[in-house]
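Below is one structure, written out as structure tokens, with a few remarks after it.
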Amino acid sequence: MQFLVYILAYPLLWLISILPFRIFYWFSDFVFFLVYYVLGYRRKVVRENLALALPHLSDTERKVIEKKFYHHMCDMFLEMIKTMSISPEEMEKRFQVTNLDLVKEYAAKGKSVILVASHYASYEWLLTINPKIDFQGIAVYKKVANPYFDKLVRKIRSKYNTELIETRKSIPLMAQNQRNGVLSMYGLASDQSPKLDRIFHSMKFMGIEVPVHTGAEMLAKKYDLSVVMVKVKKVARGYYEAEFLTIADNPHEYENFDITEKYLREVEKQILEAPEYYLWTHKRWKHRVQK
């Protein structure tokens, strides 16, 4: 059954990917109508999250953000499909990095890096950075249940020579690369809610006490990896800019959880600047700490 679903869906995905951009975004508008008005996909979750994270805004203001978010979400996921066929030249125009020199300095010093990012703007197109850096790019990801779609996701995301590694295999790979002197950049999304059996610390995120991912900080200290954040900004529909920001040059100089807190404060700045580009469908505050 999984293979049948895949072979039925693949031709449609390919056709979507080759649409001219003007028609492509018309199609995204149609998908928005279905997702928001017909299916109401996770609309209750989004409204609850917006009310929790942005209590200073009125219901009307949050409703505007809500609709803008759904428009953006549809664009972003369709843009991931677009990666199947988009040319490197077109991608270069649409996803630009403003300060590559920052990470090139780490490579020149022979220092591997953990790259932390949030589910903000175009986190899917972040993988196009790999050809521009002097590291082996490795993205830690969660495996898709359908093995055929998992293979497709891996193919799409590895188009720019990024190596994808499942979360459970990431630590052995880091250890191996350290032993072999492989200069690497490990990409981790670190702003969502951790599993209950992996909660080691909680802190305020958007003013609410919640469990937080601490894996990036722990790994940085264990393998002496500098921590760099990449902040993506949506400058126009289908156009993005990415900027690198150093979180911790020498992680051992920081008290426990200070690196995690510094990163999350930067995520908050992103959200407050333009909240419609954050992924509000995730149940980020489902395990909030009651006091």
Side-chain angles (χ1 to χ4, degrees), residues 49 52-53 102-103 105-107 109-120 123 126 135-142 165-232 243-272 278-279 282-291:
N49 284 344
L52 283 169
L102 188 147
V103 291
E105 288 176 8
Y106 286 109
K109 292 187 289 188
K111 190 75 180 287
S112 290
V113 167
I114 282 187
L115 185 70
V116 288
S118 63
H119 289 82
Y120 187 89
Y123 53 86
L126 277 173
F135 298 91
Q136 170 59 50
I138 299 166
V140 180
Y141 89 113
K142 183 178 180 181
I165 186 76
E166 294 175 49
T167 305
R168 62 186 177 87
K169 298 179 180 178
S170 58
I171 295 178
L173 179 65
M174 288 182 182
Q176 177 182 310
N177 285 349
Q178 186 186 54
R179 288 194 302 269
N180 297 336
V182 178
L183 196 62
S184 305
M185 176 179 280
Y186 305 95
L188 298 171
S190 302
D191 60 318
Q192 297 302 307
S193 184
K195 292 182 178 180
L196 289 175
D197 61 347
R198 295 180 184 175
I199 293 175
F200 301 100
H201 188 63
S202 66
M203 62 180 61
K204 286 191 175 182
F205 179 57
M206 299 300 291
I208 304 158
E209 188 84 12
V210 288
V212 294
H213 274 290
T214 58
E217 177 173 344
M218 291 178 179
L219 292 169
K221 290 183 175 181
K222 183 174 183 178
Y223 296 110
D224 190 29
L225 305 169
S226 296
V227 182
V228 175
M229 180 181 181
V230 60
K231 301 180 78 169
V232 182
E243 178 187 11
F244 293 111
L245 174 70
T246 296
I247 298 296
D249 269 321
N250 300 301
H252 295 292
E253 296 177 355
Y254 289 77
E255 296 292 331
N256 286 341
F257 311 120
D258 281 359
I259 293 173
T260 301
E261 178 148 4
K262 185 176 178 182
Y263 160 70
L264 287 177
R265 298 293 81 82
E266 291 297 331
V267 177
E268 288 178 338
K269 290 178 187 177
Q270 281 185 298
I271 293 172
L272 292 172
Y278 190 62
L279 191 62
H282 279 196
K283 295 181 179 180
R284 181 63 188 87
W285 292 274
K286 63 182 175 181
H287 299 308
R288 56 188 180 273
V289 178
Q290 303 293 335
K291 291 187 176 181

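Heads up: numbering here begins at 1 and tracks the sequence. Small disclaimer: the values here were computed from a predicted structure and weren't measured.
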Nearest heavy-atom neighbours spanning Val230 and Ala117
CG1-CB, 3.7 Å
So do the side chains of Arg284 and Phe205 get within less than 4.5 Å of each other, counting heavy atoms only?
yes
Does atom CG of Leu52 have more than 12 heavy-atom neighbours, drawn from other residues, nucleotides or ligands, at distances under 6.0 Å?
yes
Taking atom CH2 of Trp285 and atom CE of Met206, what is their separation to the nearest 0.5 Å?
6.5 Å
Quick one, His252 with Asp224, criterion side chain to side chain contact (heavy atoms under 4.5 Å, CB included). Give me CA distance, side-chain angles, the key distance, then yes/no.
CA-CA 8 Å; His252 295 292; Asp224 190 29; 3.9 Å; yes
May I ask you to decide if the ring planes of Tyr120 and Tyr278 are parallel, tilted or perpendicular, using 30° and 60° as cut-offs?
tilted
Gln136 side chain to Ser184 main-chain N or O, any donor-acceptor pair under 3.5 Å?
no
His119 versus Asp191: any side-chain heavy-atom pair under 4.5 Å?
yes
Please report the C-alpha distance between Leu115 and Phe244 in whole Å, then the side-chain angles of each, then the deciding distance to 0.1 Å, and finally whether the side chain to side chain contact (heavy atoms under 4.5 Å, CB included) criterion is met.
CA-CA 9 Å; Leu115 185 70; Phe244 293 111; 3.7 Å; yes
Where His282 and Asn49 come nearest, the two heavy atoms and their spacing:
O-ND2, 2.8 Å
To the nearest 0.5 Å, tell me how far Glu255 CD sits from Glu261 CD.
12.5 Å
Ignoring hydrogens, what is the shortest heavy-atom contact between Ile208 and Ala53? Give both atom names and the distance.
CD1-N, 4.2 Å
Report the C-alpha distance between Val228 and Leu102 in whole Å, list the side-chain angles of each, state the deciding distance to 0.1 Å, and finish with yes or no for side chain to side chain contact (heavy atoms under 4.5 Å, CB included).
CA-CA 9 Å; Val228 175; Leu102 188 147; 4.1 Å; yes
Spell out, as yes or no, whether a donor-acceptor pair under 3.5 Å connects the side chain of His287 to the backbone of Val210.
no
Residue set satisfying side-chain contact (heavy atoms from CB on, under 4.5 Å) with Gln176, at least two apart, ordered chain then number -> Arg179, Asn180
What are the two closest heavy atoms between Pro251 and Lys221, and how far apart are they?
O-CE, 3.4 Å
For the residue pair Phe257 and His201, categorise the inter-ring angle as parallel (less than 30°), tilted (30 to 60°) or perpendicular (more than 60°).
parallel
Does the salt bridge (charged side-chain N to carboxylate O under 4.0 Å, His left out) test come out yes or no for Lys262 and Glu266, once each step is laid out?
CA-CA 7 Å; Lys262 185 176 178 182; Glu266 291 297 331; over 6 Å; no
Does a side chain donor of either Asn177 or Tyr186 reach within less than 3.5 Å of an acceptor in the other side chain?
yes
Within this structure, what is the NZ-CD distance for the pair Lys231 and Gln270, rounded to the nearest 0.5 Å?
5.0 Å
State the CD1-CD1 distance between Ile247 and Ile259, to the nearest 0.5 angstrom.
9.0 Å
Nearest heavy-atom contact between Ser226 and Lys111 is OG-NZ, 3.1 Å
Nearest 0.5 Å, please: how far is CG in Asp249 from NZ in Lys109?
5.5 Å
Yes or no on side chain to side chain contact (heavy atoms under 4.5 Å, CB included) for Glu209 and Arg288, after CA distance, side-chain angles and deciding distance?
CA-CA 6 Å; Glu209 188 84 12; Arg288 56 188 180 273; over 6 Å; no
If you take all heavy atoms of Tyr223 and Ala175, which pair is closest and at what distance?
OH-CB, 3.6 Å
Euclidean distance, Thr260 OG1 relative to His213 NE2, rounded to 0.5 Å
10.5 Å
